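Notes follow once the structure below has been shown.
Please read these numbers as outputs of a predicted model, since none were measured by experiment. For this chain, numbers begin at 1 and follow the sequence in order.
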Amino acid sequence: MRYNIIIRNKRLLYITITAITIGMGLFIRIKKDRFPEIFNQYAGDALYAVMMYFLISIIANKRPVFKAVIALTVCYAIELSQLYKAVWIEAIRQTMPGRLVLGSGFLYSDLLAYAIGTAFAFFIDCLLIDKGQGAR
């Protein structure tokens with residue numbers, strides 16, 4: 001019984017972290033004139049990976065390593081999908097939600113930003129949430 005309470009609380013924490021991450025990403029996008037260009041270029045991608053990690057954490061009660069691999073795979077798949085230029089998906093990417101979810105153009109440097117964001121989320125999960133028990 002106690003195990004279910006812990007999981008429920010973790011899920012609530014993951015939901016909260018996801019919401020904060022989305023808020024931070026939107027804030028950076030809206031206030032981009034207040035940040036250095038290099039920060040604007042990569043912070044959103046890193047935060048996208050953090051968000052993806054914690055979205056997966058909400059859905060899957062798995063070890064942090066598993067969640068990190070899945071999050072990075074999803075981020076890389078979305079980035080690689082930007083090489084696909086069919087009319088229907090380009091039309092989706094022209095909308096604000098489509099641009100936020102699917103991106104707009106492939107960049108190799110985004111892959112590094114995703115890796116950094118995923119690593120950051122992984123370490124936060126291991127050190128603060130999972131307390132080092134689930135990284136194996």
Side-chain angles (χ1 to χ4, degrees):
M1 184 69 167
R2 180 170 161 74
Y3 180 75
N4 288 337
I5 293 170
I6 292 170
I7 295 304
R8 221 174 281 133
N9 289 341
K10 268 190 186 180
R11 284 204 175 112
L12 181 59
L13 182 59
Y14 291 143
I15 290 167
T16 303
I17 293 170
T18 300
I20 290 169
T21 303
I22 291 168
M24 288 171 54
L26 292 173
F27 177 79
I28 290 168
R29 196 173 214 6
I30 291 167
K31 301 290 186 179
K32 64 182 173 188
D33 56 323
R34 296 184 183 196
F35 300 103
E37 186 57 35
I38 191 88
F39 182 81
N40 287 330
Q41 228 173 348
Y42 300 109
D45 294 320
L47 285 171
Y48 190 88
V50 170
M51 177 205 66
M52 190 60 64
Y53 179 94
F54 287 110
L55 277 175
I56 290 164
S57 297
I58 293 166
I59 298 166
N61 181 26
K62 300 289 184 183
R63 293 182 176 153
V65 169
F66 175 86
K67 296 184 289 189
V69 168
I70 297 301
L72 194 57
T73 301
V74 169
C75 289
Y76 280 7
I78 290 170
E79 188 67 24
L80 289 171
S81 78
Q82 294 170 18
L83 296 170
Y84 182 64
K85 301 292 183 183
V87 175
W88 67 271
I89 199 162
E90 287 299 310
I92 294 171
R93 288 186 184 121
Q94 295 302 315
T95 67
M96 179 59 83
R99 200 167 35 256
L100 290 173
V101 173
L102 299 175
S104 57
F106 176 83
L107 293 172
Y108 283 107
S109 57
D110 289 352
L111 300 176
L112 177 60
Y114 293 138
I116 291 168
T118 302
F120 177 77
F122 171 81
F123 286 116
I124 293 296
D125 196 10
C126 286
L127 296 175
L128 300 178
I129 301 169
D130 227 20
K131 297 194 177 44
Q133 298 171 6
R136 340 172 257 277

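The hydrophobic cluster containing Ile116, built from Ile/Leu/Val/Met/Phe/Trp/Tyr side-chain heavy atoms closer than 4.5 Å, also comprises Leu112. Its side chain outside the 4.5 Å cluster rule for every partner, Leu107 clusters with none of the Ile, Leu, Val, Met, Phe, Trp and Tyr residues.
Pairs of residues two or more places apart, or lying in two chains, that qualify as side-chain hydrogen bond (donor to acceptor under 3.5 Å, both in side chains) and include a residue from residues 97-112 are Tyr42-Ser109. Listed by first and then second residue, the side-chain hydrogen bond (donor to acceptor under 3.5 Å, both in side chains) pairs involving residues 43-55 are Tyr53-Asp125 (not counting sequence neighbours).
Taken to the nearest 0.5 Å, the CD1 atom of Ile59 stands 9.5 Å off from the CZ atom of Arg11. Distance check: Phe66 CZ to Ser57 OG gives 10.5 Å after rounding to the nearest 0.5 Å. Here NZ of Lys67 is found 10.0 Å from CD1 of Ile58. Values are rounded to the nearest 0.5 Å. Taking CD1 of Ile56 as the start and CE of Met51 as the end, the distance is 9.0 Å to the nearest 0.5 Å.
If you chain together hydrophobic residues whose side chains sit under 4.5 Å apart, Leu47 and Ile78 never meet in one group.
Residues forming a side chain to side chain contact (heavy atoms under 4.5 Å, CB included) with Ala49 (at least two apart in sequence, or on another chain): Cys75, Tyr114, Thr118. Applying the side chain to side chain contact (heavy atoms under 4.5 Å, CB included) test to Ala86 and every residue at least two apart in sequence or in another chain returns Tyr84, Trp88, Ile89. Legend: residues meeting side chain to side chain donor-acceptor pair (under 3.5 Å) with Glu90, ordered by chain and number and at least two apart, are Arg93. In terms of the side chain to side chain contact (heavy atoms under 4.5 Å, CB included) criterion, residue partners of Leu80 (sequence neighbours excluded) are, by chain and number, Leu83, Phe106.
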(request) Could you go through the side-chain contact (heavy atoms from CB on, under 4.5 Å) check for Phe122 and Val65 one step at a time? (result) CA-CA 7 Å; Phe122 171 81; Val65 169; 3.7 Å; yes

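In this structure the side chain of Phe54 reaches within 4.5 angstrom of the side chain of Ile129, judged on heavy atoms.
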For residues 18-38, please give each side-chain donor-acceptor pair under 3.5 Å, one per line with the distance, not counting sequence neighbours.
residue: Thr18; atom: OG1; partner: Tyr14; partner atom: O; Å: 2.8
residue: Thr21; atom: OG1; partner: Ile17; partner atom: O; Å: 2.7

